[in-house]
Amino acid sequence: MSVETQKETLGFQTEVKQLLHLMIHSLYSNKEIFLRELISNASDAVDKLRFEALSKPDLLEGGAELKIRVSFDKDAKTVTLEDNGIGMSREDAITHLGTIAKSGTADFMKNLSGDQKKDSHLIGQFGVGFYSAFIVADKVEVFSRRAGLPASEGVHWSSKGEGDFEIATVDKADRGTRIVLHLKSAEDEFADGYRLRNIIKKYSDHIALPIELPKEQAAAEGEAAPELEWETVNRASALWTRPRTEVKDEEYQEFYKHIAHDFENPLSWSHNKVEGKLEYSSLLYVPARAPFDLYQREAPRGLKLYVQRVFVMDQAESFLPLYLRFIKGVVDSNDLSLNVSREILQKDPIIDSMKSALTKRVLDMLEKLAKNEPDQYKGFWKNFGQVMKEGPAEDFANKEKIAGLLRFASTHEDGGEQVVALTEYLARAKEGQDKIYYLTGETYAQVKNSPHLEVFRKKGIEVLLLTDRIDEWLMSYLSDFDGKGFVDVARGDLDLGKLDSEEDKKAQEEVAKDKEGLIERLKVALGDAVSEVRVSHRLTDSPAILAIGEQDLGLQMRQILEASGQKVPDSKPIFEFNPAHPLIAKLDAEQSEERFGDLSHILFDQAALAAGDSLKDPAAYVRRLNKLLVELSV
Ligand code: ADP
């Protein structure tokens with residue numbers, strides 16, 4: 001063993017300590033994945049070397065076939081992994097094996113519940129990578145040297161997985177990384193060729209470079225042990241280059257876990273080879289669960305980019321639109337140059353056409369999932385529905401396709417779950433209904449009971465109930481679906497078109513004429529608070545309602561803008577009253593103008609409350625109401 005210099009002991013970042021602790025306690029039922037994680041890292045390290053060597057061939061240091069070797073020592077109870085990839089410098093080892101670089105990690109840790117089963121799912125999503133070594137080892141040693149550095153600048157990192165790690169500078173002749181796991185005494189079953197081979201076949205068969213194990217060979221009696229011979233145990237070809245028919249589901253699933261750093265199987269995938277003007281292969285996956293950083297702007301996203309089988313970059317974000325940022329996968333192009341950069345990707349017209357083709361692939365895959373596996377799609381929607389709702393605004397060309405993938409809560413489904421597709425809505429629409437009706441609001445409870453729905457309930461017309469923050473904004477980008485326009489039932493003068501019979505319409509006109517006097521009195525009483533007063537056709541049970549002007553901002557958008565400190569254009573609602581309601585009859589008959597004024601303001605405020613809005617002058621409302629209550633009790 002060579003001399004160690006500059007020996008130091010350093011503490012792990014707090015998040016690493018938490019992760020180590022949790023991992024050891026929640027992943028014990030799936031211990032063998034440590035090997036998959038370490039092989040996955042080794043394979044990434046080789047990919048990086050191959051790529052860097054394109055411009056700096058010296059890094060290959062005279063070659064040697066790129067590979068990963070796994071060996072073991074039954075007596076010493078160790079498992080050793082060795083790769084000849086890019087390696088780590090001393091500084092690399094300190095940062096990469098002592099901290100977690102992902103932004104939002106601290107927040108993520110706070111979300112862990114202490115319930116091991118739940119946490120193991122969360123950790124799976126988060127990806128534990130290197131640290132999974134401590135599931136089976138009570139001491140881990142890493143010997144590494146960054147390609148291009150002299151042999152004297154190797155690094156020896158070692159830790160017991162508790163609070164700290166030791167680091168020293170050592171000689172290392174070969175570039176790359178060797179990891180020695182000192183197995184916990186209960187885990188020595190892993191120091192076994194048969195076991196290791198099975199784990200590698202199970203999880204890492206898809207790794208594109210050879211993974212070698214020592215060949216089992218018994219020393220002949222009386223002879224010295226023969227020199228170690230190695231054999232490749234995995235298939236060692238890039239999975240996406242193989243024909244679809246020859247790749248098993250399990251292989252697709254394991255490959256996904258490798259590239260996505262996910263523990264769970266994906267929901268679906270789409271593997272394609274494109275030939276012709278452009279030549280590329282793509283393998284795209286829909287994860288089963290949203291990552292914890294789905295809504296963090298700076299969170300990494302995008303596909304793994306290969307050019308002619310050579311890894312070029314992780315998180316190439318130019319191949320898919322932002323609203324599909326949760327898609328994981330690989331794209332391997334024959335047309336791009338190997339020294340393509342992120343900047344070039346952003347401008348290259350080749351990328352544009354690949355992007356639109358890949359986007360279609362994803363949308364097709366989701367359509368298929370929705371059609372063939374509706375239950376799985378429900379899960380998908382729960383995890384990614386909010387992000388999909390960004391689609392129509394971002395991706396005009398695919399608006400109709402995306403709209404078909406949206407799911408909504410509705411008056412025709414109990415419980416407020418977002419399960420209704422627009423096609424389904426239209427399929428069960430009323431005869432003569434040529435519109436898609438919806439109502440936006442803050443909570444399901446509020447919209448479900450909104451007076452705006454009264455006439456729809458009476459006529460049995462379905463209304464979509466939209467309560468996500470993004471919904472009103474989304475609807476401003478959707479004008480129609482399958483030729484049917486969207487109508488916000490709280491907006492403008494509700495025209496039910498053919499759903500109202502001729503008699504209905506005639507009756508409405510007559511009532512309006514009949515109530516002209518009342519309308520005028522209300523206009524005076526409510527004054528500036530309203531833009532218009534009219535007879536309502538939407539109400540059956542409530543006395544009055546506030547409608548939003550056709551061009552005005554809805555409540556949700558107004559609240560979002562206000563919360564972000566922006567100035568919101570002033571708009572006044574339309575006051576609509578229900579002529580058949582006894583309170584309105586009473587109002588109409590009221591002789592005292594003072595009482596008439598109080599009562600109309602109370603009706604106005606109540607209508608605002610029912611719409612989920614807050615009152616401009618709550619004290620005045622209470623005063624007026626109390627005044628009436630007192631008179632009532634006299
Ligand atoms: P992740 O792989 O998700 O980044 P890990 O904890 O598995 O997280 O690894 C942290 C980092 O350590 C890697 O990103 C890489 O930079 C470095 N690393 C791990 N294993 C190796 C290896 N075999 N060779 C070179 N670098 C490695």
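In this chain, residues are counted from 1 in sequence order. Values below: every heavy atom of this structure, side chains too, minus hydrogens, waters and symmetry copies. Counting starts at 1 for both ligands and their atoms, in listed order.
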- D262 bridged to K328 by N-O distance under 4.0 Å: no
- Item | Sidechain N-carboxylate O distance under 4.0 Å for E61, R145 | yes
Should [X] be counted as touching ligand 1, given the test is an N or O pair under 3.5 Å?
X: F130; result: yes
X: Y131; result: no
X: T177; result: yes

Which of the numbered atoms in ligand 1 are under 4.0 angstrom from any heavy atom belonging to [X]?
X: G129; value: 7 (O)
X: A45; value: 22 (C), 24 (N), 25 (C)
X: H261; value: 2 (O), 3 (O)

- Task: Would you tell me which option among D83, T95, I86, N41 has the nearest heavy-atom contact to atom 9 (O) of ligand 1?
- Result: N41
- Evaluate the criterion side-chain contact (heavy atoms from CB on, under 4.5 Å) for residue pair K48 and F311; output intermediate values, then yes/no. CA-CA 7 Å; K48 281 181 203 154; F311 167 78; 4.2 Å; yes
- Item | No-hydrogen, no-angle side-chain donor-acceptor test under 3.5 Å, D335 and Y280 | no
- Task: Mind checking whether M88 contacts ligand 1 via backbone (N, CA, C, O), side chain (CB onward), both or neither, at a 4.0 Å heavy-atom cut-off?
- Result: side chain
- Task: Answer yes or no: are there more than 12 heavy-atom neighbours, outside K160 itself, under 6.0 Å from its atom NZ?
- Result: no
- Steps toward side-chain contact (heavy atoms from CB on, under 4.5 Å) verdict (R195, F72): CA-CA 11 Å; R195 187 75 208 272; F72 58 94; over 6 Å; no
